[in-house]
Amino acid sequence: MLLVLSALAAAVGIVAQTVAARRTEQRDAVDPGILVRLATDRVYLFGFGSQVLAFGCAFLARATLPLYIVQAGSSSAVGLAAVIGLVVLGWRVSGREIAALGVLAVGLLLLVGAAESSVAAPMPPELGFGLLGALLAVVALAFPAARIAGAPGAVAMGALAGVAFAVLALCGRPLAAGPLLELPLQPLAWLMVASALVGQALLAAALQRASTTVAAASMDATTVVLASVLGVTVLGDQIAAGGGWWVAAGLTLVVAAVVAMAVVGRSTREPVAVGVPA
């Protein structure tokens, strides 16, 4: 139930954030002020609140579930967002994008089928420093990526956002087991907050450049792959007996779907509903 609620809240958040991001000024450079400008938009704040709810549900689910199933469930939000945008706001979603989303869904289902409940192992200190280095690398790579226009730029910024959110997921896995009242005293908790802010800024930039499905799919697939692999190899996430091939096939399909989204994604923007309150 937590994963279902997380996916629904994330989908609503993606749609609302897209509407807000598309009507704010776009700059062809790293734009630290984008979140400040968006903070004055009530639609974006509603979307951000939905994302916070999605994060909270996913965070609690990570206490007992491996990252590959939690992130797989959260990643289904990209499909739900496309449906919501299509039905409510009249967004255009091409048949090829729908096919790519179908491939993404199959890959995610394979990951779900291989899932086995487990409690995370303590995070080694060297991994914590590695995650900090990865987040700093994301910030550095965002500068050249911000100069890429259209769907390729959305994929680049979305993928970087995905790395930031993978850092968030990896930090959250051992923290979710508690005690929750001690979170402010944990360095990993502050790294989790920093990665969330970086990821949100990069996602907003990606949503300005191309369709929601392109931006969100590249972000989610990157997060799923990185979090799944490191969750299994470092944090002790378990795979059901005989499920190793399922995980490998699922991750392959997810990556293939993202490549397809980058190739067929529209560089034009979905129409934004008129009269949405700012």
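Counting from 1, the numbers follow the sequence of the chain as shown.
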*Please report the C-alpha distance between V232 and I239 in whole Å, then the side-chain angles of each, then the deciding distance to 0.1 Å, and finally whether the side-chain contact (heavy atoms from CB on, under 4.5 Å) criterion is met.*
CA-CA 8 Å; V232 171; I239 300 174; 4.1 Å; yes
- request: Please answer: with hydrophobic residues joined when any side-chain heavy atoms are less than 4.5 Å apart, are V87 and I14 in the same cluster?
  value: no
Quick note, side chain to side chain donor-acceptor pair (under 3.5 Å) partners involving residues 185-197, not counting sequence neighbours, are none
Residues passing the side chain to side chain donor-acceptor pair (under 3.5 Å) test with Q17, sequence neighbours excluded, are Q51, Q200
Excluding W246, membership of its hydrophobic cluster (Ile, Leu, Val, Met, Phe, Trp, Tyr; side-chain heavy atoms within less than 4.5 Å) reads V103, V106, L110, L253
Note: with side-chain heavy atoms under 4.5 Å as the link, the other cluster members for L45 come out as none
TODO: Check step by step if side-chain contact (heavy atoms from CB on, under 4.5 Å) holds for L131 and M123.
DONE: CA-CA 11 Å; L131 294 177; M123 181 177 290; 3.8 Å; yes
Closest heavy-atom pair, A215 versus L207, reported as atoms and distance to 0.1 Å, is CB-CD2, 3.9 Å
Shortest non-hydrogen pair, G158 vs A206, comes out as N-CB, 3.7 Å
To the nearest 0.5 Å, atom CG of L8 lies from atom CG of L53 at 9.5 Å
Applying side-chain contact (heavy atoms from CB on, under 4.5 Å) to A169 and not counting sequence neighbours gives R62, L67, Q71, A227
The complete set of side chain to side chain donor-acceptor pair (under 3.5 Å) pairs with one or both residues in residues 221-230, sequence neighbours excluded, reads none
Interatomic distance, SG@C57 vs CG@L3, rounded to 0.5 Å, equals 9.0 Å
In this structure, CZ of F165 is separated from CG of D220 (nearest 0.5 Å) by 9.0 Å
Residues pairing under ring-ring contact (aromatic ring centres under 6.0 Å, His included) where one sits in residues 45-77, two or more places apart or in two chains, turn out to be F55-F59
In short, A159 meets S218 closest at the heavy-atom pair N-OG, 3.8 Å
Separation between CG (L197) and CG (L202), nearest 0.5 Å, reads 11.0 Å
By side-chain contact (heavy atoms from CB on, under 4.5 Å), I84 pairs with (sequence neighbours left out) A11, V12, V15, V88
- [ ] May I ask you to test the C171-V167 pair for a side-chain heavy-atom distance under 4.5 Å?
- [x] yes
Nearest heavy-atom contact between R209 and A146 is NH2-O, 2.9 Å
Value for CG (L188) from CG (L183), rounded to nearest 0.5 Å, stands at 10.0 Å
Taken to the nearest 0.5 Å, the spacing of L175 CG from E182 CD works out to 11.0 Å
Is V198 reachable from I148 through a run of hydrophobic residues whose side-chain heavy atoms are each under 4.5 Å from the next?
no
Quick note, salt bridge (Lys or Arg N to Asp or Glu O under 4.0 Å) partners involving residues 228-238, not counting sequence neighbours, are R173-D237
For residues 184-207, the salt bridge (Lys or Arg N to Asp or Glu O under 4.0 Å) pairs (sequence neighbours left out) are none
Check: Do V193 and L185 share a hydrophobic cluster (ILVMFWY, side-chain heavy atoms under 4.5 Å, transitive)?
Finding: no
Minimal heavy-atom distance between A145 and A156, with the atoms involved, is CB-CB, 4.1 Å
Check your understanding: For L2, does its backbone N or O pair with a side-chain atom of S6 as donor and acceptor, under 3.5 Å?
Key -> no
Sorted by chain and residue number, the side-chain contact (heavy atoms from CB on, under 4.5 Å) partners of L230 (sequence neighbours excluded) come out as L170, T233, V234
- Query: Any side-chain heavy-atom pair from L127 and L235 closer than 4.5 angstrom?
  - Reply: yes
Heavy-atom nearest pair, A166 first then L226, reads CB-CB, 3.8 Å
Applied to residues 126-140, the salt bridge (Lys or Arg N to Asp or Glu O under 4.0 Å) test, sequence neighbours excluded, yields none
